[in-house]
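The structure appears below as structure tokens.
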Amino acid sequence: MAQHQVNYASTAGLPIALTSVDKLVNWGRSNSLWPLTYGLACCAIEMMASGASRYDFDRMGTIFRASPRQADVMILAGTLSKKHSEFARRLYDQMTEPKWVISMGSCANTGGMFNTYATVQGVDRIIPVDIYLPGCAPRPETLQYAMMMLQKKIRKESADMKKNTKQDLTTQTGKRARLI
Amino acid sequence: MRKYVPKDNVQGKAYYTDRFWVAPRVPREAVEDGHFADVVKALGKLANDAYVEIGQLVVQIDATDNFAVMKMLKETCGYTQCSEQSAVDYLAKDNEFELFWQLLNITEAKRVRVVCRLANGAAIESVEPLFKSANFAEREMFDMFGIKVNNHPFLKRIIMPDDWEGHPLLKTYPLIGDEFASWYEVDKIFGKEYRDIIGPENRDPAKVDRYDTKRFSRVGYEVPFGADISEGETARDIEYSETALVNYNKKTSKQLDERR
């Protein structure tokens with residue numbers, strides 16, 4: 001029998017916090033979301049406004065990065081034309097894991113009012129999307145809310161990205177495929 | 001019987017047209033005197049027809065004379081700017097294109113439109129040596145109509161991708177529904193075998209996957225994030241706010257976090 005009973009769960013006055021690895025990693029990931037500086041159309045104006053001093057994304061740890069190698073989040077802000085889709089996908093491929101995608105505005109979500117031969121009818125046809133943000137164009141507050149929702153989503157995820165399923169696509173034949 | 005759809009013009013049309021409606025025409029005036037009379041005189045036999053529409057001179061020419069007419073207008077008549085150049089599709093009616101060049105004289109503040117008819121499949125001479133702006137305009141005309149331009153320095157598609165099929169401003173080009181166009185990005189990025197995985201274009205923004213609990217939730221049937229509900233879910237009581245303005249700090253109502 002131990003002479004002194006030790007409560008291992010208490011910090012005993014030491015600067016120690018107990019947590020799980022998942023929570024620690026997700027705390028780090030979700031509080032420094034670095035989006036790619038990548039504007040496609042008029043939604044990018046709202047995205048720039050969100051990053052500028054009035055709405056100030058920096059206070060949330062969200063800093064726009066100029067290189068896909070340093071970015072975690074891709075905000076597809078605006079109409080994606082078919083000619084450009086190849087390059088958008090290449091930028092997405094160049095981003096390092098873990099990475100998330102916000103589809104901002106009606107045009108990125110479904111093609112919006114551009115129901116034509118030259119516009120991608122929803123960016124989720126080529127890039128797996130985490131947050132769909134409606135609006136034409138969404139206000140900066142809405143983009144902030146989308147960022148907060150993404151943070152919330154990341155905090156629920158596993159730190160091991162292999163366990164996280166990205167967007168599932170149901171095919172016409174009923175089988176499910178993954179768009180990585 | 002299936003409704004007959006003309007193949008030579010697949011553009012969208014108004015679903016109702018007044019049978020007695022007559023399209024208003026711009027009044028044409030004869031060239032009397034002044035600057036425009038000098039222009040017509042300088043062109044001489046090159047001009048097949050010349051008239052004034054809303055203060056602008058319109059000159060009809062042969063397609064083979066376009067470089068000579070432009071050179072004359074630029075060097076003799078002072079039309080130093082080519083502000084616009086393109087074509088109109090009259091293939092269904094006449095098997096011809098109508099090409100036009102819009103020229104501007106800055107000193108006289110006058111505009112001239114040079115118009116010619118070009119048979120389908122024929123090529124036009126480039127006016128790029130005279131007007132540098134014609135470089136991009138002729139490339140756009142080639143891109144949108146497939147009209148070849150002789151002696152152009154760099155005749156290549158300007159708006160559509162280089163490997164695009166078809167010329168979008170032709171009346172025979174559909175706005176939506178072209179197979180090549182609708183699968184373009186999938187074929188290019190993933191390959192043709194991904195077509196049945198990604199599926200056809202779906203523009204329905206209200207598309208809801210019944211069993212997807214990661215992106216959708218139903219009020220009154222809330223389940224944890226990502227839960228499997230293929231066997232059904234249980235109904236939950238809906239809490240309504242009793243005040244118009246909810247103070248979330250006081251937890252008077254249901255919190256968004258619990259609701260998922």
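A note on names: the letters A, B, ... follow the listed sequences, proteins ahead of strands, and every chain is numbered from 1.
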How many angstroms lie between NZ in Lys188(B) and CD1 in Ile126(A), if you round to the nearest 0.5 Å? 12.0 Å
What are the residues of residues 68-87 of chain A, in order of number, with any heavy atom under 4.5 angstrom from a heavy atom of chain B? Lys82(A), Lys83(A), Ser85(A), Glu86(A)
Other residues, nucleotides, ligands: >12 heavy atoms within 6.0 Å of Trp183(B) CH2: yes
Given side chains that start at C-beta, do those of Tyr184(B) and Val120(A) come closer than 4.5 Å, heavy atoms only? no
For atom CZ of Arg59(A), is the number of surrounding heavy atoms from other residues, nucleotides or ligands below 6.0 Å larger than 12? yes
Heavy-atom proximity to chain A below 4.5 Å, by part of Phe180(B): neither
Closest non-hydrogen atom pair between Asn115(A) and Ile176(B), with its separation: O-CG2, 2.9 Å
Can you tell me how far OG1 of Thr116(A) sits from CG of Asp178(B), rounded to the nearest 0.5 angstrom? 11.5 Å
Given that the side chain runs from C-beta out, which part of Ile189(B) has a heavy atom under 4.5 Å from chain A: side chain, backbone, both or neither? side chain
Chain A contact residues among residues 150-168 of chain B, heavy-atom distance under 4.5 Å: Ile158(B), Ile159(B), Met160(B), Pro161(B), Trp164(B), Pro168(B)
Heavy-atom side-chain proximity of Arg125(A) to Phe190(B) below 4.5 angstrom: no
Atom NZ of Lys148(B): over 12 foreign heavy atoms under 6.0 Å: no
